[in-house]
Structure formats: C-alpha cells, structure tokens
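Have a look at the structure below before the remarks.
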Amino acid sequence: MERYEPLKIEQKWQKKWEETEAFKATEVKGQPKVMLAEMFPYPSGAGLHVGHVRNFTIVDVLTRFFRQQGLNVMRPFGYDTFGLPAENYAIKTGTAPQEVTAVNITNFRKQAKKLGYAIDWSREINTSDPEYYRWTQWCFLQLFKKGLAYQKESYQWWCPEDQTVLANEQVENGKCWRCGHEVEKKKMKQWFFKITEYADELLDEIDNLEWPEKIKTMQKNWIGKSVGAEIDFEVEGGAPKIKVFTTRPDTILGATFLVLAPEYVGLEYIVSEDCKDAVAKYKAAALKKSEIERQENKEKTGVFTGAYAINPATKEKIPIYVADYVLAGYGTGAIMAVPAYDERDREFAEKLDLPIVEAELIDRDAYGTPKVTYRMRDWLISRQRYWGCPIPIAYDKDGNPHAISEDQLPVMLPEVKDYKPDKSGRSALAKAKDWLTVEIPVKDPKTGEVHMKKMTRETDTLDGYACSSWYLWRYASPRDDKAAWDEKAISYWEPLDYYCGGDHAVAHLLYIRFWCKFFADEGYLPFREPIKRLLYNGYINAPDGKKMSKSKGNVIDPLDVINDGYGADTLRTYEMFIGPYDMDAAWDTRSVGGVYRFLNRCYNLCFGNTSKVDKNVVVRNKTIKKVTEDIHRYSFNTAVAALMEYVNELYKNGASKEDLMVLAKLLKPFAPHLASEMLEKLDSDDEWPKWDEKYLVADTVELVVQVNGKLRAKFEIEVDDLEDEEKLTEMVLADERVKKYTEKGVKKTIFVKKNKLINIVV
RNA sequence: GCCCGAGUGGCGGAAUUGGUAUACGCGUUCGACUUAAAAUCGAAUGGAAACUUCCAUAUGGGUUCAAGUCCCAUCUCGGGCACCA
C-alpha cells in the first residue's frame, strides 16, 4: 500500500486547480449565490503568518462547504498595499515601494496557493494598482461633489524637527517616532470625510446586523450618541455669547462657572487684558501636552479668563475658565460646570476653590434647545505621505480646491527618487515638479463656457482606509474600466454574505458601512449594509501563550510546518481544530502531529481494504449531521473532532466504500487535497452528503435515573416505553440499584422525555 | 475608571434549549509488532478512596427536583474605550 505523502498529493491537486481555473465564479441567473471574503491582507515582506492561515482557512472551509452543497460561490482575494511600511522601506533602502509591493504580492500569492484555497484568482485586486486607485479617486470625487469630502483647519500632531504631521500612532510617549523630538499640536488645513452625516443611520442599523455582539457594542460606543441640550450664556462686556452642550440641562441651577477648551474658537475675545498672558501660556502648554501625558495625568488644571458669564437660570455672574479637561472637538468645546453633579467639575472646583452648589433639578427644556451630539468625529483622510492614493484635487491661484475631471483619472502617483517628507510640510509628491501643474476644465459660471485652467495639484494622499472602503464591491467586476463596479454584477453577488477577519473592529468596518450608505443614496448601490455576516476570529499566539514577534523569536512560520512534511492539509485542519474560531489560541507543535496522524488514518482507511458489510450506517448518518450543523454554526473544532470520532469507529468496525465516500466529502473543506485524492480513488463526486433521520432513531435508548439529581442507574429501554411514564417509573422504583436510595420514601418523580431521564426526589 | 469576553484534568478544549461533566486531541503509562528504536496498532488515564462511595467546572452565597450553564458578590486574565460634559 502507498504511504500518505502530503506534499506530493498537494502539488498534484494545486496544479490541477490552477490549470482548470477550478474556482472561477460567474453569475448564473436563478442559482443561489454565496460570496465570502477575508479582510484582505497587507502583503508584508515576512510573508504569510499563522494568523493569516487561520483567517483564510475559515473562509475556505465555508467556501468549499457551500460549493459542495451546489451553491454558486465567489471567493475572491486582494492586497491592501498602500501604507507606511512600504514607504519606510523605500526611504531606508531607496527601493521604490512599487517594486517592494510587487515582490511581496508575488510571494504572498505563491504562499496562498500552497495552502490550496478555493480562490477565484481572476478576481485578484491590489489597491496601489492605478487601475484600482483610479476608482478610489472616483469615489472621492463623488463624496467631494456632495460636500462630504471637505477641508477644515484643525489641530494635528506636528514634529518641529521633521517639519511634518504625524498620525496618532506615530507619536510615542509624546515624541516623534523618527527623531525623538517632542511633538506639539499645530493648526493645519486637512481633508475630512463627513461620516458624522450618517451617524444616526450607522448607529440604528447596527442591531440588524448578524455580527458578533462585541463588535456591535464597540461600534455603538465609538459613535457615542448623547442626547442633551445647547444653552447660550451671555458674556459680560459684550463678547460673543458662549454656547455650551450638556446632557444635564436640568442641573443648570447648580452651574457655578463655565469652562472652555484651550482651543476654543473666539477665546481671544473673551479673555480680559490682565489675564491674557496667563491664558496664552496655559494654552501653549496644553497644546504641547502629549496624548500620553493627558491620559496618565488627569489632575485638573486650568486658568481664569478674567471674564464672567450670566447663568440664564439664576441670573448670577459666574466666572469663565480655560481648562484642558474640556475637549475642543466634542460638543461646542465649552461646558457649564456643575460641580455638585459632575465628578470632573467637582474635582476642578475643589482644586481652584470654586463654589459648589447643591441646587434642585428643574425642567430639562427650560433654558436650552434639545441637541444630539456624537463622540464620533469626521474622518481625517489626508496624509502628507508618498505611498498612498493621490487626492484628485487641484488648486487655483486663490487656493480654492477643484475636482480633477473624471476623464482625467487616474491621477497617477508620480515617480520620485526621495520619498522622505521635507521641511515644506508636504509629501514627497511635491518634488515631482512636472506632475504638480495640471490643466483642468472649468466652467465659467456666467457664460457657461468651459476653459482649461492651469492649477496646482494637491500633494496629500488618502488614508489607506479609503482604499479599503469599497474594495468588496470591486470584486464583483474587478477588471471593469467603465465603472468602479458593474451594476448587474454587484446586484447579483452582493452584499457580501460572509466576511472574516480579526482586526479593524471599528475603523474599517465603520468606514465601509458609511461609504455603502452614501453610494446607496447616490443610486450606485442597491443595498445599505455591505456585510451581512461578520466572523471575527481570534489571534494565534506562540506556544508560550505570548504574542508572536520577531524580537521574541517565537514566531511559527506556516510554510515551515508545510515543508517539514506535514503539508497544507494538516496545517489547515490543525488551525481549525485548535479551538473556537473566535477565541485566541496558543500554538502547540505536538498537537499538529496529532492532526497529521488523523489525516494519515483517513488515508490508510481509504487506500487499505474496504469492508463488504455496511456496519456503520448509524454513526455515518450521525457524523454527517454533526459536521453539517457544526460548520453552519462555525464550530469548526468540534466538526473536526466528530470526523476523528468517525474515523476511530471505522477503524474498529471496518469501513465500507460508502463510509469512505462520506468521510472524504466531509473532510474536503478542511483537507481538500487529501479528500480529492480519496474521492478520485473512490471514483466519487464531492456532493455534500445528506443524513437520513430514520437511522438516527434507535429501537432502544438509555434511560438515566437520578436520585436527588445524582446519577444512580442506567436502563436500556424500548423507545416506545418513553411514552408511558407511569410504567417506566414503576419499573425504575422496583429496581435494586434504585431501591437502596429510596428507603426513606419517594417525595416525587420528575420525568424528562426529551433527555430520557427520571429524577427521583427523596 | 467604564464597557465587553473568558476562567472546566498534567495541557488545548467539549457539553448547541438548566437535564448522564471532562467528547476529541496532546501528554503519560502498559501491551502488541521489532534484535532494538521510530512509525503503526490496541488498552488505561480528573482526584481521593477501594468494589461501594465521596469530592471536583476560579472563590463565596443563592434560585431549582436538577446548575459548568441562571441570579448576587468577590478574585484573576484578555480585549476595547479612556476627562466625550
């Protein structure tokens, strides 16, 4: 008999699938469809890691399961390639990010193919491909046209040494991650998407999603809806009045002072002459404070502005303070402080010795207008970075932004030699002198005539999350050069039925919902939620239970597992068996061997002698049912366990051809290469087997007898006897094994037919 | 600080609707095959006791005929948010 040689088998089938384009998906009218995808990976130089394998295999198990059930299945693949790691590599080595990305994609594709995924490779997409980002720019323009992409002055992290804006994650302990210089906040004009416009709908529709509760809660908290009121406070001396937001307008009688954020717009008109220096000093210090400092030191600080406001309810004169515990970006950037009812206000009042008044509550609507506020801010999308999608905007002489016309797309990312941002505060795109100037058609508002006008291009690029906010729709028609997505194709395939990933619980998953609603409003999408079901998988940690990391040297390379001789089928099946898919798990090298032994047993059963007698009808039908239902509820680990039990049973009793066909079919989603080899030997198709309930109903069952809830005896009884409670109880009570517990007398008996159980209470 | 999730043998885990706790796998032990080892096959495996019981699902209470599962409190670990008025 031949030995199980996974690498040989896997190579054979992978070649076959590649040559026949086995997983190519086409629209078939009337055939029910399923579309599945993982969160597309960033193809790093390190290649596939075990976390990718878990993520991709979950999608693959479902993909193959649905295929075997005769559904029309699409499972595409793509690469999220724009971003900092490639740019950093470029800065360090002088290699173009385009080149690095191409190499990494080739490697990733090769590795993914080694795992035998049922991917439609003709639908591969890559966000840094001009044929892709052309349509990212088109999406941007639609938002721009509707005023949902706009520019605004706001405070950003700024490194005075490198002369560049930094993202939050590029600020480490208040210092620039590159040069170590202390960062500060600087007011700058940036691009935003107006996601807040959809805050209500984004919140309301969360409840209807088949998503994990954890993610839904996180999104709700992120949006953070607060119902309250806005109240105007007159300022003494004629300065503009101050509008505050509060969720407790009923506490206004206890408002003993106002607090403004350091960045409060119009602060200069409020501060009195003699307080100017102190306030300016405080503001400068607050803007310099790093995020970490603000988080770690919540000690209240603040200064008096020298100005007073009038409490509209008490008509009393109350002082106005500036303090950094009030945030500029939330509400109006100003609050009425009610130290008797608010812990933070009390802390501040105690520190600065301000009055605390235990006033009574009044009608909520007495002095304010009802107002709903959200924690969620508009989405800042401009980056002063090279390796991203260019923003399709140009500026006229007066600095007004104009859309690049759609027929001029894509705005190609220009090739430059030096990727590092310079002291201009602009990305490396500004160094592409020839690229900077552009002529775009502009309509004269008076005559209606169109003239080509010379303009200067925007040099910022888009946040990578913009690229991934529509890619699922590109999968429907990935080579379309007429539109971002084809109307017919998308209404057939989408919304996506299954989406699997282990990251981006809020950002990406909220942004893509936002774009979906916008494009539905614009008539481009026939649905308002892009993802029906979300599977949020757990991490795989190192054998020591810690996160895998290069520096700790505890990284398991999936390709090593394959090449050590275990093969992809073992790797895939092991990662499904490792535990519940949505929980973190620790890698256990010895358990990999256990899964290999299991697959080896499957092989030996199939390629050994078959039994002529069909002895396993009951366990076979049971297993079909169990595996089918377990996959439906994403309980992949118990599905594999059921297959192991089945194989153990077949080893004991001998396996018939029917037994083996069922085994191979049920095994195929997990170990497709081995299963294909088995099915070929058995001369069988891979149609998902059905179970027959009649084999699951036995003639006799086991009746469990408890006394006071403790198991005391088991009886083998006829199924029909379950109908006659009286007879059963009589029989049980007469039995010696039960009698010795019931001498004190039986109070009552409880019969649970469903569980074939009698509990005797004594 | 607030909001989620988890805690079950030596280890990863199972128990789907309150109903036989510990499926399946790893590890360990014994046996078969072998000159021997590996591989493979078979058996045992929660703890104490000893032929019949008792105790065990983080800890302490509670509800119930019956609790890993429900309720209350506490502890530990993981994740998210973090002065959002």
Side-chain angles (χ1 to χ4, degrees), chain A residues 3 212-222 224-226 228 244-248 251 255 259 261 291 294-300 323-327 329-338 341-345 347-348 373-377 505-506 538-539 541 543 545 574 577-580 582-595 597-598 600-601 604 626 629-630 632-633 635 637-648 651-652 702-714 740 747-752 754-762:
Chain A
R3 276 182 56 231
E213 286 306 317
K214 186 174 103 182
I215 309 297
K216 295 211 252 183
T217 309
M218 278 166 73
Q219 293 215 346
K220 281 182 195 172
N221 292 342
W222 184 266
K225 183 175 180 169
S226 287
V244 307
F245 173 74
T246 178
T247 53
R248 297 293 309 276
T251 64
V259 187
E291 201 92 330
R294 273 198 164 191
Q295 277 169 25
E296 278 179 354
N297 186 7
K298 287 185 182 168
E299 192 108 333
K300 299 283 177 291
D324 66 0
Y325 82 91
V326 174
L327 307 175
Y330 182 77
T332 59
I335 61 156
M336 61 175 210
V338 187
Y341 289 94
D342 186 282
E343 212 180 302
R344 296 151 302 184
D345 295 344
E347 234 178 278
F348 189 76
T373 299
Y374 301 90
R375 284 171 87 113
M376 185 171 65
R377 313 288 152 83
V506 174
Y539 288 113
N541 293 324
Y574 169 66
F577 185 61
I578 196 167
D582 54 350
M583 303 280 277
D584 290 352
W587 189 269
D588 179 7
T589 306
R590 284 191 296 205
S591 290
V592 178
V595 171
R597 275 196 279 283
F598 159 64
N600 197 30
R601 280 159 75 86
N604 288 340
K626 172 86 177 142
E629 291 180 348
D630 279 0
H632 270 300
R633 65 187 180 102
S635 184
N637 56 331
T638 56
V640 174
L643 287 170
M644 288 172 167
E645 277 183 81
Y646 180 51
V647 165
N648 291 345
Y651 255 72
K652 258 183 240 161
E702 195 173 59
L703 178 77
V704 171
V705 179
Q706 299 179 332
V707 178
N708 286 344
K710 275 191 180 153
L711 173 69
R712 292 304 182 189
K714 288 176 181 179
K740 62 182 180 184
K747 281 190 193 135
K748 63 172 169 176
T749 61
I750 287 151
F751 175 61
V752 189
K754 180 187 63 164
N755 300 99
K756 294 158 278 181
L757 178 145
I758 291 181
N759 191 17
I760 300 160
V761 186
V762 295

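- Comparing the C1' positions of rC4(B) and rA15(B) gives a spacing of 24 Å, expressed to the nearest Å.
- The separation between K652(A) atom NZ and rA43(B) atom C1' is 11 Å, rounded to whole Å.
- Put simply, R590(A) has no side-chain N or O that comes within less than 4.0 Å of OP1 or OP2 on rG10(B).
- In secondary-structure terms, RNA chain B builds stems of at least 3 consecutive Watson-Crick or G-U pairs, each pair having both distances under 3.5 Å, at B:1-7 with B:75-81, B:10-12 with B:24-26, B:27-32 with B:40-45, B:46-48 with B:53-55, B:58-62 with B:70-74.
- Between atom CG of residue L703(A) and atom CZ of residue F751(A) there is a gap of 6.5 Å, rounded to the nearest 0.5 Å.
- Look at the P atom in both rA38(B) and rC30(B): the space between them is 12 Å, to the nearest Å.
- In this model, the phosphate group of rC24(B) is not approached by any side-chain N or O of T638(A) to a distance below 4.0 Å at OP1 or OP2.
- Across all strands, G224(A) comes closer than 4.0 Å to no nucleic acid atom at all (heavy-atom distances).
- As judged by a 4.0 angstrom heavy-atom cut-off over every strand, Y374(A) is placed among residues making no nucleic acid contact.
- With its glycosidic angle within 90° of 0, rG9(B) is assigned syn.
- Using P as the reference atom, rA21(B) and rU34(B) are 44 Å apart when rounded to the nearest Å.
- Here the P atom of nucleotide rC26(B) and the CZ atom of F598(A) are 11 Å apart, to the nearest Å.
- Summarising the geometry, the separation between NZ on K626(A) and P on rC24(B) is reported as 12 Å, rounded to the nearest angstrom.
- Of the residues near RNA chain B, F245(A) and K214(A), the one whose nearest nucleotide (by heavy atom distance) lies more toward the 5' end is K214(A).
- Candidate nucleotides rU20(B), rC24(B), rG27(B) were compared by shortest atom distance to the side chain of R597(A), and rG27(B) ranks first.
- Counting to the nearest Å, the P atom of rG79(B) and the CD atom of Q219(A) are 20 Å from each other.
- Heavy-atom neighbours of K220(A) NZ from other residues, nucleotides or ligands within 6.0 Å: above the threshold of 12.
- Residue D324(A) has its side chain nearest to rC83(B) when only rG19(B), rC83(B), rA85(B) are considered.
- Remark: the separation of the C1' atoms in rU59(B) and rG68(B) is 15 Å, to the nearest Å.
- The base of rC65(B) is not paired with the side chain of K747(A) by any donor and acceptor separated by under 3.5 Å.
- Comparing the C1' positions of rU57(B) and rG46(B) gives an interatomic distance of 11 Å, to the nearest angstrom.
- Heavy atoms of N648(A) sit under 4.0 angstrom from primed sugar atoms or phosphate atoms, though from no base atom.
- For N637(A) and rA14(B), the shortest distance from a side-chain N or O to OP1 or OP2 is below 4.0 Å.
- Here Q706(A) lies in heavy-atom contact (under 4.0 Å) with a base.
- Here the side chain of K710(A) is nearest to one of rC55(B), rG27(B), rG42(B), namely rC55(B).
- In this structure, R601(A) reaches the rG42(B) phosphate: one of its side-chain N or O atoms is under 4.0 Å from OP1 or OP2.
- The side chain of R633(A) approaches rU16(B) more closely than any other nucleotide in the set rU40(B), rC24(B), rU16(B).
- If you find the closest nucleotide of RNA chain B to V640(A) and to G709(A), the one lying nearer the 5' end belongs to V640(A).
- Nearest to the side-chain atoms of N755(A) among the listed nucleotides rG19(B), rG13(B), rC81(B) stands rG19(B).
- Backbone-only contact: S226(A) has heavy atoms under 4.0 Å from sugar-phosphate atoms and none from a base.
- When the side-chain nitrogen and oxygen atoms of Y325(A) are compared with OP1 and OP2 of rA85(B), none of them lie within a distance under 4.0 Å.
- Closest to the side chain of K740(A), from the set rA85(B), rG78(B), rU53(B), is rU53(B).
- For the pair R712(A) and rU20(B), the criterion of a side-chain N or O lying under 4.0 Å from OP1 or OP2 is not met.
- The nucleotide whose nearest atom lies closest to any side-chain atom of I750(A) is, among rA85(B), rU52(B), rG19(B), rG19(B).
- rU28(B) and rA67(B) have their P atoms separated by 37 Å, with the value rounded to a whole Å.
- The OH atom of Y330(A) sits 13 Å away from the P atom of rA82(B) (whole-angstrom rounding).
- Put simply, CG on D584(A) is 19 Å from P on rC4(B), counting in whole angstrom units.
- For F577(A), the listed nucleotide lying nearest its side chain is rC24(B); candidates were rA85(B), rC24(B), rU20(B).
- With no hydrogens or angles considered, no side-chain donor-acceptor pair links R375(A) and N221(A) at under 3.5 Å.
- The cationic group of K300(A) lies under 6.0 Å from the six-membered ring centre of Y325(A) and within 45° of the ring axis, placing it in a cation-pi geometry.
- Contact annotation for E213(A): no contact, since no heavy-atom pair falls under 4.0 Å across all strands.
- Counting any heavy atom pair closer than 4.0 Å across all strands shown, L643(A) reaches no nucleic acid atom.
- Remark: R597(A) CZ to N604(A) CG distance equals 13.0 Å, nearest 0.5 Å.
- No donor-acceptor contact under 3.5 Å links the side chain of K756(A) to the base of rU20(B).
- Summarising the geometry, atom CZ belonging to F577(A) is positioned 10.0 Å from atom OG1 belonging to T638(A); distances are rounded to the nearest 0.5 Å.
- With hydrogens and angles disregarded, a donor-acceptor distance shorter than 3.5 Å links the side chain of Q219(A) to the backbone of A505(A).
- One atom, NZ of K216(A), and another, P of rG79(B), lie 24 Å apart when rounded to the nearest Å.
- The backbone N or O of V762(A) sits less than 3.5 Å from a side-chain atom of N708(A), completing a donor-acceptor pair.
- Whole-Å rounding puts the N759(A) CG to rA66(B) C1' distance at 6 Å.
- Of the candidate nucleotides rA6(B), rA21(B), rC65(B), rA6(B) has the atom lying nearest to any side-chain atom of M583(A).
- Looking only at distances, a side-chain donor or acceptor of N759(A) sits under 3.5 Å from a matching main-chain atom of G709(A).
- Between the side chain of D584(A) and the main chain of G538(A), no donor-acceptor pair closer than 3.5 Å is present.
- Taken from OH in Y574(A) to CH2 in W587(A), the straight-line distance is 5.5 Å, to the nearest 0.5 Å.
- Checked by atom type and distance alone, the side chain of R601(A) never pairs as donor or acceptor with a backbone atom of V647(A) at under 3.5 Å.
- In the set rC3(B), rA82(B), rU20(B), the nucleotide with an atom closest to the side chain of R375(A) is rA82(B).
- Remark: the separation of the P atoms in rU16(B) and rC83(B) is 41 Å, to the nearest Å.
- For the C1' atoms, the distance from rA14(B) to rG25(B) is 11 Å, rounded to whole Å.
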